[in-house]
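Just so it is clear, the structure is predicted and the values come from calculations on it, not from any experiment. Numbered from 1 within each chain, the chains take letters A, B, ... in sequence-line order.
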2 protein chains.
Amino acid sequence: MDAATTLKKHDLKVTKIRLAILDALGKTELAKPYAELQAMLAEFDRTTLYRTLLALMEKGVIHKALEENGESYYALCSDCSIETHVHDHMHFKCTTCGVVQCLDLPKRLKFSAPGIHIDSIEVFAKGQCSNCN
Amino acid sequence: MDAATTLKKHDLKVTKIRLAILDALGKTELAKPYAELQAMLAEFDRTTLYRTLLALMEKGVIHKALEENGESYYALCSDCSIETHVHDHMHFKCTTCGVVQCLDLPKRLKFSAPGIHIDSIEVFAKGQCSNCN
DNA sequence: TTTTAAATGCAACCGTGTTGCATTTAAAGG
DNA sequence: CCTTTAAATGCAACACGGTTGCATTTAAAA
């Protein structure tokens, strides 16, 4: 599915920066840091980038994979919508080369604690990616 | 163990702000957001707070429990040192009242993926705490 | 083609992260 | 108890991302 179709499916107008963001995030499971996105999209105002990222997240097109030391990483969603954000994957950062990627989880995680009700769980792992070990 | 002893054990000089931070974080498993810490420690320069938090983290006295929307939450470590930071607990945020706490994990988590070597895993859950459900 | 709600660009402000440097202080040694 | 000194602190300054208001532009529906 091309970028314009993706946007329409999520009730988003097709605009230049939205196409550019989807293009920048590619079709991979790799997450990009905000600073890199901004550099790739320097032709647009950073406020527009900010609001566009918000809109794409709200509509379930992209998600914030992780936040580390004030740096946010963004990645495409696989199958989210404005109603349901489901992420059955973990986020992995290679401490050697710095790449951040979404990895499938073998099964849905379940945790429990007395008196507590858990709605969502995020898993963030660090280590060495296949290129770096 | 009192705060001064804790500091000495981790090769840290006993200073006013360090005692105040340990006092602010209490003896509980609750994590405090940066803004709250800063408000409680308004008598100190924020640069000093910044550097003190860095020092306490490096020496294994406190840890950054989580980062969410640019807000960092800090909590005491249970048994860390400058050499080993071990956190066999997950971080939980109540989406109703906002409290963030460290919860014991039933067992050490293990994940694997082809070609990837995982060093550390963090788990961040959201839901309702025992007071809010 | 016209219309209009949405998107964009610009200005401005805030909070946190970060560094350099001068001053103060904890604590070790005499 | 003093002296000494490396470490800690306070202050100034800058960077950067988050955030909002408002005027202008534009996508896309009519």
Which pairs count as ring pair (Phe, Tyr, Trp, His ring centres under 6.0 Å) when at least one residue sits in residues 25-62 of chain A, sequence neighbours excluded? none
Please check if atom CG in Asp119(A) has more than 12 non-hydrogen atoms from other residues, nucleotides or ligands closer than 6.0 Å. yes
Members of residues 56-76 of chain B that approach DNA chain C, where some heavy atom sits under 4.0 Å away: none
Under 3.5 Å, which donor-acceptor pairs do the side chains of residues 4-12 of chain B form with other protein atoms, sequence neighbours left out?
| unit_1 | atom_1 | unit_2 | atom_2 | d |
| --- | --- | --- | --- | --- |
| Thr5(B) | OG1 | Asp2(B) | OD1 | 2.3 |
| Thr6(B) | OG1 | Asp2(B) | O | 3.1 |
| His10(B) | ND1 | Lys59(B) | O | 3.0 |

Quick one: is dA7(C) close enough that its OP1 or OP2 comes under 4.0 Å of any side-chain N or O from Thr52(A)? no
Determine: side-chain N/O of Thr47(B) to OP1/OP2 of dC11(D), distance under 4.0 Å, yes or no. no
Evaluate the side-chain proximity of His85(B) to Met57(B): yes if any heavy-atom separation is below 4.5 Å, no if none is. no
Between the protein and nucleotides 21-28 of chain C, which nitrogen or oxygen pairs come in under 3.5 angstrom?
| unit_1 | atom_1 | unit_2 | atom_2 | d |
| --- | --- | --- | --- | --- |
| dA27(C) | OP1 | Val14(B) | N | 2.7 |

For DNA chain D, what residues of residues 34-46 of chain A have any heavy atom nearer than 4.0 Å? Tyr34(A), Ala35(A), Gln38(A), Arg46(A)
Side-chain contact test, heavy atoms from C-beta onward, threshold under 4.5 Å: evaluate it for Phe124(B) versus Lys126(B) and give yes or no. yes
Separation of dT8(C) C1' from Leu19(A) CG (nearest whole Å): 15 Å
Hydrophobic side-chain clustering at under 4.5 Å (ILVMFWY, transitive links): who's grouped with Met1(B)? Put none if nobody. none
Distance col, row Cys132(B):SG vs His117(A):NE2, nearest 0.5 angstrom, shows 13.0 Å
Considering residues at least two apart in sequence or located in another chain, which fulfil the salt bridge (Lys or Arg N to Asp or Glu O under 4.0 Å) criterion with Glu29(B)? none
Working to the nearest 0.5 Å, report the span between CD1 of Ile62(B) and NZ of Lys32(B). 12.5 Å
Whole angstroms only, please: what is the CG-P distance between Leu54(B) and dA7(D)? 16 Å
Would you check if His63(B) and His89(B) make a side-chain contact, meaning some heavy-atom pair closer than 4.5 Å? yes
Return the value, rounded to whole Å, for the distance between atom NE2 of His10(A) and atom C1' of dA6(C). 19 Å
Interatomic distance where CD1 belongs to Ile21(B) and C1' belongs to dA8(D) [whole Å]: 12 Å
Residues passing the salt bridge (Lys or Arg N to Asp or Glu O under 4.0 Å) test with Glu43(B), sequence neighbours excluded, are Lys16(B)
All side chain to side chain contact (heavy atoms under 4.5 Å, CB included) counterparts of Ser130(A), not counting sequence neighbours: none
By the rule that ILVMFWY residues connect when side-chain heavy atoms come within less than 4.5 angstrom, directly or transitively, which residues belong alongside Met90(A)? Phe92(A), Leu103(A), Leu105(A), Leu109(A), Phe111(A), Ile116(A), Ile118(A), Ile121(A), Val123(A), Met90(B), Phe92(B), Leu103(B), Leu105(B), Leu109(B), Phe111(B), Ile116(B), Ile118(B), Ile121(B), Val123(B)
Just how far is it from atom CD of Glu67(A) to atom NE2 of His91(A), taken to the nearest 0.5 Å? 12.0 Å
The helix from dT1(C)-dA30(D) to dG30(C)-dC1(D): angle between its terminal axes, five pairs each, to 10°? 30°
Report each atom pair, protein N/O against N/O of nucleotides 2-4 of chain C, whose distance is under 3.5 angstrom.
none

If I take atom CD1 from residue Ile17(B) and atom OG1 from residue Thr52(B), how far apart are they, to the nearest 0.5 angstrom? 4.0 Å
Roughly how far, to the nearest 0.5 Å, is the CG atom of Leu56(A) from the CZ atom of Arg51(A)? 14.0 Å
Do the side-chain N or O atoms of Tyr50(A) get closer than 4.0 angstrom to the phosphate oxygens (OP1, OP2) of dG18(D)? no
